[in-house]
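Here the structure is laid out as structure tokens; the discussion comes afterwards.
Below, each value reflects all heavy atoms present in this structure, side chains not excepted, and no hydrogens, waters or symmetry copies. Order of appearance sets the numbers: ligands from 1, and atoms from 1 within every ligand.
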Amino acid sequence: MDQPSAERTAYRICPLCEACCGLDVQVAGDRVLAIRGRETDVFSAGYLCPKAVALKDLHEDPDRLRQPLVKRDGRFVEVGWDEAFAEIESRLVPLIAAHGRDAVAVTVGNPSAHKMGLLPYFGRLAKALGTKNIYSASTLDQMPKQLSSGLMFGHWLSIPVPDIERCDFLLILGANPAVSNGSLWTVPDYRGKAKALRERGGRIVVIDPRRTETARAADAHHFIRPGGDVFLLAAMVRTLFEEGLVQLGRIEPHLAGVDAVRDAVAPFTLDAAAVRCGIPAETIRALARELAAAPRACVYGRIGTCTQPFGTLASWLIDVLNALTGHLDEPGGAMFPRAAAFAANTAGRPGSGRGIVTGRHASRVSGAPEVFGELPMGVLAEEIETPGPGQVRALISVASNPVLSAPNGPRLARALDALDFMVSLDIYLNETTRHADVVLPGVSPLEDSHYDVAFPQLSFRNHARYSAPVFEPSPQQPPEWQNLLRLAAIAQGHGAGADVLALDDQWLADEVRKSAGDHAPQVIAALAPRRGPERLLDLALRSGPYGDGFGMRHDGLTLDAVVAAPDGIDLGALQPRIPELLRTPSGHVELAPELLLGDLARAAAALADVPRDDTLLIVGRRDVRSNNSWMHNLPVLAKGPARCTLKIHPEDAARLGLADGALATIEAGGRSVQAPAQLDADMMPGVVCLPHGWGHDLPGAQLAVAAERPGANLNALLDEDSRDPLSGNAVLSGVAVAVRAAA
Ligand SMILES: Nc1nc2c(c(=O)[nH]1)N[C@H]1C(S)=C(S)[C@@H](COP(=O)(O)OP(=O)(O)OC[C@H]3O[C@@H](n4cnc5c(=O)[nH]c(N)nc54)[C@H](O)[C@@H]3O)O[C@H]1N2
Ligand SMILES: Nc1nc2c(c(=O)[nH]1)N[C@H]1C(S)=C(S)[C@@H](COP(=O)(O)OP(=O)(O)OC[C@H]3O[C@@H](n4cnc5c(=O)[nH]c(N)nc54)[C@H](O)[C@@H]3O)O[C@H]1N2
Ligand code: SF4
Ligand SMILES: [Mo]
């Protein structure tokens, strides 16, 4: 045992954003002394951002919940764990019996992607509930990219990422990795890698309605009218064909649909696209030529290209450009990671598969198609409000704050109040969880072990890294995977008193029997005595592409081996994976899926809809000291200048009579919010910019620090019915607003 106050340094992989930085957490006893980037980490090499330092504040935050809460007579009271689960059982079971399984909806939010106790076990809960009403942050974020990748390559997570260390031309659309630290692209220290790219003679070009931090550290930046990407990209594709610049390279035999793409982009002339997206025809042509001419190049797009009416088309055309210029699956281009664990594109027979489908069911009220097993977050409120068979009457929210994160949060908040029952798994009493009847707190991030389930599938380099809890988890507080299993047990009728560890054993045994058949007993024995997420991880690593195959390869990976590597294990630079990675039924890269060609006609029809000059369009913004909706209660991040400001071009501000710092009223959809104006010549004229995740002035939340500077909720303005029809993703960008000086 350590001395109570002995100093030690613990390794913690940061769970806050997709960069997955390795940290050194220096502690004495139960106190955190300092948090630094771990220089020897094989993947992140010492990089960290200011949010990592705030893990100390998060661990110590007096507002962070440590005890379950039950609402009695409109007030929350702290209760014991058994009492909380008994309450859930007594209310949920009769509700399901009376109204059916679809009466219970679940929402799952961003932090679950960063917790190995949440991601797999949430799936377990959803299955146990058997509800069609599954909602997640994915339809506020990346569903378009998952859909386009699924259609092209056969799996939802087969998403190519820039091989930045070997790339010499990087075209970035709608992403600001210098601040966001990358997304659907795990790339700690993007800035350092971008600098190195440029120092070896490469070029970075950024397309964004704001001259962002990423754009300022690039070689060129072009303003784009929000929502204009599909027109720009289609015109680039058309230029490649017209000028004979298509070069398919090594993967040519594996591509299907090249001719269909050529025919489909015919309407997107340079001139028409230029008017629509606001980028001159000559610039579009030059971009196409530069991309084609660069020996090692990549087009990368992120949230700005997803959260718009043509999100799936834009996401698709980005990879069409990569493929047609010979940069897909090539070193220095857009490459597919090969994750050590949990990747569907490393499992099963290589080279072809079942592919993906959408629309296996539809939402009850609007008929929105299911995508990746989910319904669009935008339809949740109407599913709660609209009476009839299948109406949502209960909600389980898991690490999600849709009252701030989803469009038209005010309507959703009213809908949540109308529920018969709501449970939240969360660490705060916040804008969403205040509506719950029972809140089950998660553990401190420093009391949690960590392996990234999802992000090695999106990493700039292959790696396997594990970190143990920094502090012994408190014995009173169950880990979240056990809470999810206990909810699953209740949903399946086993009762709140069910033995969750036995259920975990049972589930594991079922999984292993499916994959290992007759060898299942030996595999299960080899995984003992681990349980829970660690056992799933060991199974995934050992049966994964680098694994020991349970004795088949003596030097293969096991969890023991990863645990024993205090800086993680580097698994090398990305390698070409086509055709092995493909899981499409045809065994080809589908460049021209029917669904997308059909939707391209919608974009062609919209070519003529040039927005009026006097319309102001609003876009979002991320800040390095903020993380979506939930880190505004941490003093180390909350201090400093106000961050929830409305950036506006000085010419627009002058026209509206707005001075720098003056309070602006922003209106859309009959709703309005107020934020201080910040004059900024880095804004595209006609575009204003407000960050999301603010608006901490709602009654009933327990966020003392955040409430001091609540900020304005961008999503209060946005329309929940505005979606990309294919993916169900919300339109969060490029929405028309009216701005005036506040009275
Ligand atoms: N207008 C606009 N809206 C947006 C976006 C945008 O760009 N513009 N971005 C969208 C995107 S990309 C995303 S991902 C979503 C994010 O939206 P959400 O998925 O709702 O995620 P967060 O806002 O991060 O809220 C996370 C919740 O998880 C809780 N939490 C944190 N850690 C834990 C934990 O360890 N356990 C549990 N149980 N709970 C925890 C927090 O208290 C908080 O309630 O927002 C979307 N909303
Ligand atoms: N510090 C910090 N880091 C984060 C987060 C955070 O909240 N704070 N959130 C995390 C999450 S959940 C995610 S999903 C990622 C997102 O990661 P990124 O996608 O890199 O995030 P953003 O900074 O929102 O960048 C989106 C950019 O798109 C631009 N844009 C808006 N509309 C359009 C358009 O129509 N076309 C084009 N071309 N550009 C457009 C915006 O101006 C903005 O610069 O960041 C993650 N990292
Ligand atoms: S960049 Fe992301 S992963 Fe790295 S320290 Fe910051 S929040 Fe954590
Ligand atoms: Mo996100």
Is the closest heavy atom of Val398 to ligand 1 under 4.0 Å?
-> no
What heavy-atom pair brings Asp452 and Cys20 nearest, and what distance separates the two atoms?
-> OD2-SG, 3.2 Å
Glu480 and Lys115 ion-paired at < 4.0 Å = no
Does the N or O separation between Asn176 and ligand 2 drop below 3.5 Å for any pair?
-> yes
Heteroatom proximity flag, Arg302 to ligand 2, N/O under 3.5 Å | no
Can you find an N/O atom of Pro226 closer than 3.5 Å to an N/O atom of ligand 2?
-> no
Asn110 and ligand 2 - part of the residue with a heavy-atom distance under 4.0 Å | side chain
Report yes if some N/O of Leu425 lies less than 3.5 Å from some N/O of ligand 1; otherwise report no.
-> yes
Among protein heavy atoms, which lies nearest atom 37 (C) of ligand 1, and at what distance?
-> Glu480 OE1, 3.4 Å
Is a side-chain N or O of Ser733 found less than 3.5 angstrom from the main chain of Val619, in a donor-acceptor match?
-> no
Which pairs count as side chain to side chain donor-acceptor pair (under 3.5 Å) when at least one residue sits in residues 204-213, sequence neighbours excluded?
-> Asn176-Glu213, Arg210-Glu213, Arg211-Asp682
Among all protein heavy atoms, pick out the one at the shortest distance from atom 14 (S) of ligand 2; state its residue, atom name and that distance to 0.1 Å.
-> Asp141 OD2, 3.1 Å
heavy-atom search around atom 41 (C) of ligand 1 in the protein gives Asp426 OD1, 3.3 Å
What protein heavy atom sits nearest atom 10 (C) of ligand 1, and how far away is it?
-> Leu140 O, 3.4 Å
Check if Gly734 has a non-hydrogen atom at a distance under 4.0 Å from any atom of ligand 2.
-> no
Of the protein's non-hydrogen atoms, which lies at the shortest distance from atom 46 (C) of ligand 1, and what is that distance?
-> Ser405 O, 3.6 Å
When only distance counts, is Asn430 in polar contact with ligand 1, meaning an N/O pair under 3.5 Å?
-> yes
Heavy-atom nearest neighbour in the protein, as seen from atom 25 (O) of ligand 1, with distance rounded to 0.1 Å | Ser629 OG, 3.4 Å
Any side-chain heavy atom of Leu58 within less than 4.5 Å of one from Arg64?
-> yes
For Gly109, the atoms of ligand 1 under 4.0 Å from one of its heavy atoms are 19 (O)
With sequence neighbours left out, write down each residue that passes salt bridge (Lys or Arg N to Asp or Glu O under 4.0 Å) with Asp721, or none if nothing qualifies.
-> none
Do the non-hydrogen side-chain atoms of Leu484 and Leu118 ever get within less than 4.5 Å of each other?
-> yes
Look at atom 4 (C) of ligand 1 and say which protein heavy atom is nearest, naming residue and atom and giving the distance to 0.1 Å.
-> His692 CD2, 3.3 Å
Under a 4.5 Å cut-off applied to non-hydrogen side-chain atoms, are Leu321 and Val237 in contact?
-> yes
Could you verify whether a donor N or O on one side chain and an acceptor N or O on the other, from His692 and Ser405, lie under 3.5 Å apart?
-> no
Return the orientation label for the Phe310 and Phe231 ring planes: parallel under 30°, perpendicular over 60°, tilted otherwise.
-> perpendicular
With the side chain counted from C-beta on, respond yes when Leu637 and Pro50 share a heavy-atom pair under 4.5 Å apart, and no when they do not.
-> yes
Could you list the atoms of ligand 1 found under 4.0 angstrom from a heavy atom of Leu718?
-> 1 (N)
At a non-hydrogen distance cut-off of under 4.0 Å, which region of Asn628 contacts ligand 2 (side chain, backbone, both, or neither)?
-> both
Looking only at distances, please establish whether an N/O atom of ligand 2 is found under 3.5 Å from an N/O atom of Gly174.
-> yes
Test item, Arg622 contacting ligand 1 (heavy atom, 4.0 angstrom) = yes
N/O of Gly228 under 3.5 Å from N/O of ligand 2, yes or no?
-> no
Quick one: side chain to side chain donor-acceptor pair (under 3.5 Å) partners of Thr307, sequence neighbours excluded?
-> none
Have a look at ligand 1 and work out which part of Ile303, if any, has a heavy atom under 4.0 Å from it: side chain, backbone, both or neither.
-> side chain
Is any side-chain heavy atom of Phe85 less than 4.5 Å from a side-chain heavy atom of Leu487?
-> yes
Quick one: are Ser138 and Gln146 in side-chain contact, heavy atoms under 4.5 Å?
-> yes
Do the side chain of Asp57 and the main chain of Val636 share a donor and acceptor less than 3.5 angstrom apart?
-> yes
Residue part near ligand 1, for Leu714, under 4.0 Å between non-hydrogen atoms = side chain
Arg302 bridged to Asp141 by N-O distance under 4.0 Å = yes
Counting only heavy atoms, which portion of Thr214 has something under 4.0 Å from ligand 2: side chain, backbone, both, or neither?
-> neither
Would you say ligand 2 has an N or O under 3.5 Å from any N or O of Asp229?
-> yes
Does Ser400 come within less than 4.0 Å of ligand 1, judged by its heavy atoms?
-> yes
Taking the non-hydrogen atoms of Lys51, is any one of them nearer than 4.0 angstrom to ligand 2?
-> yes
The option among Thr212, Asp208, Leu637 carrying the non-hydrogen atom nearest to atom 29 (C) of ligand 2 is Asp208
Could you tell me the residue and atom name of the protein heavy atom closest to atom 1 (N) of ligand 1, and the distance to it rounded to 0.1 Å?
-> Asn715 OD1, 2.9 Å
Taking the six-membered ring for Trp, are Phe372 and Trp156 parallel (under 30°), tilted (30 to 60°) or perpendicular (over 60°)?
-> parallel
Between Ser467 (side chain) and Ile13 (backbone), is there a donor-acceptor pair under 3.5 Å?
-> yes
For Lys647 and Asp680, indicate whether the former's side chain and the latter's backbone hold a donor-acceptor pair under 3.5 Å.
-> no
N/O separation below 3.5 Å, Asn181 to ligand 2 = no
Arg621 to ligand 2: N or O pair under 3.5 Å?
-> no
In ligand 1, which numbered atoms sit nearer than 4.0 Å to a non-hydrogen atom of Ala137?
-> 14 (S), 19 (O)
Taking non-hydrogen atoms only, is Thr433 closer than 4.0 angstrom to ligand 1 via side chain, backbone, both or neither?
-> neither
Atom 32 (N) of ligand 1: nearest protein contact (heavy atom, Å) | Ile427 CD1, 3.5 Å
For Lys115, the ligand 1 atoms whose distance to one of its heavy atoms is below 4.0 Å = 35 (O)
Indicate yes or no: does an N/O atom of Ser180 lie under 3.5 Å from an N/O atom of ligand 2?
-> yes
Closest heavy-atom pair and its distance - Phe460, Pro188 | CE2-CD, 4.0 Å
Under 2.8 Å from atom 6 (Fe) of ligand 3, the protein N, O or S atoms, given as residue and atom = Cys49 SG
